[in-house]
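Only one structure is covered here, and it is reproduced in the block below.
Only this structure's heavy atoms are used, side chains among them; waters, hydrogens and symmetry mates stay out.
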Amino acid sequence: TDGEIVGFPPHPGALSPTSGKFSVNGGPCGQQTIDITFPTDLNKGPFPIVAYGHGTGGTIAWDMVNDIVSLGMVVVAPTGWCDDQWKDMLHAIYASKANQTLHPALSHIDYSRIGVVGHSAGGYAACTAAA
């Protein structure tokens, strides 16, 4: 109806997202926390991996991340950034592949299919990472 807020549309994909956290070492930040969002039914994988870069405020656009996951992808999102955010994003992918015991979802990823995405400053970082 006119002027009534009805909320966000449903996720575009059929998979339900869930999330968690793990830590990685050795990147630009030393130790860094990674938010991971992945399809609840990991047996439907392997899934592509996408690194997400947040904006300057550090907030994750959860609706966007959950939409991506609903389409059958795993999203890793470094918290904060210490150097160039794009380096943190790529390190989150490389560290996930190198140590898949950091989180149960990491062993359900097809590491030959990689993407980057971001919001605001993270969008710029995603373009830089892709270059």
Side-chain angles (χ1 to χ4, degrees):
T1 64
D2 292 333
E4 183 179 337
I5 298 175
V6 293
F8 291 101
H11 297 306
L15 301 176
S16 298
T18 190
S19 61
K21 294 181 183 291
F22 63 94
S23 294
V24 297
N25 292 310
C29 292
Q31 184 172 6
Q32 189 169 32
T33 300
I34 307 295
D35 285 298
I36 182 169
T37 309
F38 53 95
T40 302
D41 187 356
L42 290 173
N43 292 324
K44 294 193 183 234
F47 305 104
I49 187 169
V50 176
Y52 172 85
H54 60 75
T56 303
T59 302
I60 294 175
W62 288 110
D63 286 317
M64 177 172 32
V65 168
N66 288 332
D67 284 350
I68 293 167
V69 172
S70 78
L71 294 168
M73 297 174 227
V74 173
V75 177
V76 290
T79 58
W81 71 71
C82 300
D83 190 9
D84 292 317
Q85 187 182 22
W86 67 272
K87 292 178 184 177
D88 298 329
M89 293 167 66
L90 292 178
H91 182 68
I93 293 172
Y94 300 144
S96 296
K97 181 179 180 182
N99 191 352
Q100 296 177 29
T101 62
L102 294 171
H103 191 278
L106 297 178
S107 63
H108 296 271
I109 293 173
D110 175 356
Y111 289 95
S112 70
R113 299 185 298 160
I114 296 172
V116 290
V117 67
H119 168 72
S120 190
Y124 173 78
C127 290
T128 306

Subject >> Pairwise salt bridge (Lys or Arg N to Asp or Glu O under 4.0 Å) hits with a residue in residues 55-67, at least two apart >> reply: none
Subject >> Nearest atoms (heavy-atom pairs only) where P78 meets A92 >> reply: CG-CB, 3.9 Å
Original post:
Where is the tightest heavy-atom contact between Y111 and L106, given as atom of each residue plus distance?
Top reply: OH-O, 2.9 Å
Subject >> Derivation and outcome, side chain to side chain contact (heavy atoms under 4.5 Å, CB included), residues V117 and M64 >> reply: CA-CA 10 Å; V117 67; M64 177 172 32; 4.2 Å; yes
Original post:
Listed by chain and number, what are the salt bridge (Lys or Arg N to Asp or Glu O under 4.0 Å) partners of D84, not counting sequence neighbours?
Top reply: K87
Subject >> From L15 atom CG to N66 atom CG, the distance as rounded to the nearest 0.5 Å >> reply: 12.0 Å
Original post:
For the side chain of H103 and the backbone of F22, is there at least one donor-acceptor N/O pair under 3.5 Å apart?
Top reply: no
**OP:** Taking all heavy atoms of I60 and all of A77, pick out the closest pair and write down the distance.
**Re:** CD1-CB, 3.9 Å
**OP:** Look at the side-chain heavy atoms of Ile, Leu, Val, Met, Phe, Trp and Tyr, link any pair under 4.5 Å apart, and say whether I49 and F47 land in one connected group.
**Re:** yes
Original post:
Does V74 belong to the same Ile/Leu/Val/Met/Phe/Trp/Tyr cluster as L102, with side-chain heavy atoms less than 4.5 Å apart forming each link?
Top reply: yes
Original post:
Do you know the tightest heavy-atom contact between G118 and A126?
Top reply: N-CB, 3.9 Å
Subject >> Over 12 foreign heavy atoms within 6.0 Å of OH, Y94 >> reply: no
**OP:** Count the heavy atoms of every other residue, nucleotide or ligand shown that sit under 6.0 Å from NE2 of H119, and state whether that count exceeds 12.
**Re:** no
Original post:
Once you round to the nearest 0.5 Å, how far does CD of Q85 lie from OG1 of T128?
Top reply: 9.5 Å
Original post:
Pairs in or reaching into residues 40-52: which pass side chain to side chain donor-acceptor pair (under 3.5 Å), with residues at least two apart or in two chains?
Top reply: none
Original post:
Given the rule that I, L, V, M, F, W and Y join up when any side-chain heavy atoms are under 4.5 Å apart, are I68 and I93 in one cluster?
Top reply: no
Original post:
Quick one: salt bridge (Lys or Arg N to Asp or Glu O under 4.0 Å) pairs with a partner in residues 100-118, sequence neighbours left out?
Top reply: D110-R113
Validation: residues 23-38 side-chain donor-acceptor distances under 3.5 Å, sequence neighbours left out:
| residue | atom | partner | partner atom | Å |
| --- | --- | --- | --- | --- |
| Q32 | NE2 | T79 | O | 3.0 |
| D35 | OD1 | K21 | NZ | 2.4 |

Subject >> Single-linkage hydrophobic cluster, 4.5 Å side-chain cutoff, L90 and I114 together >> reply: yes
Original post:
Mind checking what makes ring pair (Phe, Tyr, Trp, His ring centres under 6.0 Å) contact with H54, not counting sequence neighbours?
Top reply: W81
Original post:
Looking only at heavy atoms, which two atoms of S96 and V76 are closest? And how far apart?
Top reply: OG-CG1, 4.1 Å
Original post:
Which atom pair, heavy atoms only, marks the closest approach of V69 to P17?
Top reply: CG1-CB, 3.6 Å
Original post:
Are L71 and W62 connected in the hydrophobic side-chain network, where two residues link if heavy atoms are under 4.5 Å apart?
Top reply: yes
